[in-house]
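Side-chain atoms are counted along with the backbone in the values below, which use heavy atoms only and exclude waters and symmetry mates.
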Amino acid sequence: MQAFNWADMQALILQLETEGKVTRTFRRLDPARQQVIVTAILDEAVERGPTALNIKKVAERAEVSVGSLYTYFNNREGLLDFAVELCSRFITSTFAGFMPFFDHAELREALRMYVSGGLAWSETQMALVRFFARAAYHSDSDLADVIVPPVAEVMLDMVRHFLSQAAKRGEVRDDVDLEATARIIHALTIIIGDSQILPYLNAYFQVTDGDMPLDRVMDALVTLVLRGIGTQHE
């Protein structure tokens, strides 16, 4: 799975402009400048929390004037609202775009690709990842209510998809509860993936360390799933 670049956000920015969440002036900026500004908003929100976001600090991070920010957004709340909506829609549309990669992947391959692809994508989008983590793990309800459910649902849909494809190919036993299994795999892969992105979670979950590499953990996950629901065992 390949990471999307900032140019892929342009359609979303246009959509948000039509909804009044950002001005045409912002949309007409060079994509690199757009990215700097949005990253500054996200980093400020992560560091201070969304309710304490300081527009002057955002301007300093982005190396623009406060006046310029007000030509892009109506107010401080509008600035944060735009960033939250952009992140939510970008992540969900990106993840949904990954769905076809799983159409013909065997279950063992799909499991590995789902985790490794997600980690690779996250490494290219760390501002988004830190922002999402703030919403998911730090009880910021203003963020969590908007961004966490849609992202979690599209992730669960991806697991449902590759699991159902495997079932159609006869890789999964007929007596398996696919929906419950999808939710279990969804939870397990979040633990594995997020622990590699966010060190403080790995300190708690103890997924990997110097003596336990990620490949070994993934081997165990694949074995656990295939032996638990599969029609063939190695």
Side-chain angles (χ1 to χ4, degrees), residues 1-13 16 22 26 29-50 52-55 57-64 69 79-98 101 112-140 142-144 146-152 154-155 158 186 189-205 207-209 213-215 217-218:
M1 290 185 281
Q2 297 179 344
F4 285 27
N5 58 42
W6 190 260
D8 295 304
M9 282 201 178
Q10 298 311 303
L12 296 176
I13 291 173
L16 290 168
V22 70
F26 179 84
L29 289 176
D30 180 83
R33 289 303 305 157
Q34 292 175 343
Q35 184 171 11
V36 168
I37 292 167
V38 172
T39 300
I41 298 169
L42 301 183
D43 288 346
E44 181 69 11
V46 168
E47 183 173 318
R48 295 177 181 271
L53 186 141
N54 187 312
I55 197 165
K57 294 295 184 180
V58 172
E60 290 175 6
R61 289 176 184 269
E63 297 183 348
V64 300
L69 289 181
L79 177 147
L80 182 61
D81 185 38
F82 164 77
V84 171
E85 287 289 345
L86 183 66
C87 290
S88 176
R89 298 183 197 191
F90 178 62
I91 295 173
T92 54
S93 64
T94 300
F95 286 4
F98 290 152
F101 286 88
R112 292 182 181 279
M113 186 165 60
Y114 180 66
V115 175
S116 63
L119 289 173
W121 181 85
S122 297
E123 289 175 359
T124 70
Q125 306 289 346
M126 284 309 299
L128 290 176
V129 170
R130 288 193 297 267
F131 187 65
F132 181 79
R134 173 88 195 201
Y137 293 110
H138 293 272
S139 300
D140 286 322
D142 290 342
L143 296 180
V146 177
I147 194 171
V148 174
V151 172
V154 76
M155 291 171 66
M158 291 170 72
H186 171 67
T189 51
I190 285 177
I191 291 172
I192 294 172
D194 284 8
S195 70
Q196 303 309 292
I197 300 168
L198 306 167
Y200 65 87
L201 289 181
N202 193 48
Y204 179 35
F205 293 132
V207 175
T208 58
D209 57 31
L214 180 60
D215 284 346
V217 173
M218 287 305 303

Are any non-hydrogen side-chain atoms of L16 and R89 less than 4.5 angstrom apart?
yes
Less than 4.5 Å apart, any side-chain heavy atom of I37 and any of L29?
yes
Straight-line distance of Y137 OH to L201 CG, nearest 0.5 Å:
5.0 Å
How long is the gap from CZ on F131 to OG1 on T39, to the nearest 0.5 Å?
11.5 Å
Compare every heavy atom of C87 with every heavy atom of L128, then report the nearest pair and how far apart it is.
CD2-SG, 3.0 Å
When rounded to the nearest 0.5 angstrom, what is the spacing between OG in S116 and CE in M218?
7.0 Å
Do you know the tightest heavy-atom contact between V58 and A40?
O-CB, 3.7 Å
To check you understand the geometry: which heavy-atom pair defines the closest contact between M158 and F95, and what is its length?
SD-O, 3.6 Å
Any side-chain heavy-atom pair from R33 and V64 closer than 4.5 angstrom?
yes
Working note: V38 + F82, criterion side-chain contact (heavy atoms from CB on, under 4.5 Å); need CA distance, chi angles, decisive distance, verdict.
CA-CA 9 Å; V38 172; F82 164 77; 3.9 Å; yes
When every non-hydrogen atom of A133 is compared with those of H138, the smallest separation belongs to O-CD2, 3.6 Å
Examine distances only and state if a side-chain atom of N202 and a backbone atom of T208 form a donor-acceptor pair shorter than 3.5 Å.
yes
Heavy-atom side-chain proximity of I91 to W121 below 4.5 angstrom
yes
So, Q34 side chain and F26 main chain: donor-acceptor pair closer than 3.5 Å or not?
yes
Compare all side-chain heavy atoms of I190 with those of M155 and state whether any distance is below 4.5 angstrom.
yes
Show, in sequence, the C-alpha distance, side-chain angles and deciding distance for E63 and V36, and conclude whether the side-chain contact (heavy atoms from CB on, under 4.5 Å) test is met.
CA-CA 9 Å; E63 297 183 348; V36 168; over 6 Å; no
Could you pull out the closest heavy-atom pair between I41 and L53, with the gap in Å?
O-CD1, 3.9 Å
Going from OG on S88 to CD1 on I147, what distance comes out if it is rounded to the nearest 0.5 angstrom?
5.5 Å
Testing E60, E44, R61 for side-chain contact (heavy atoms from CB on, under 4.5 Å) with N54, which one passes?
E44
Please examine the side chains of K57 and R48, heavy atoms only from C-beta on, and report whether any two atoms are closer than 4.5 Å.
yes
Are there over 12 heavy-atom neighbours, none belonging to Y200, within less than 6.0 Å of that residue's OH?
yes
Heavy atoms of Y114 and H186 approach each other most closely as OH-ND1, 4.4 Å
Compare all side-chain heavy atoms of M126 with those of I197 and state whether any distance is below 4.5 angstrom.
yes
Got a second to check how far L119's CG is from I192's CD1, nearest 0.5 Å?
9.5 Å
Would you say the side chain of L42 lies within less than 4.5 Å of the side chain of R130, judging by non-hydrogen atoms?
no
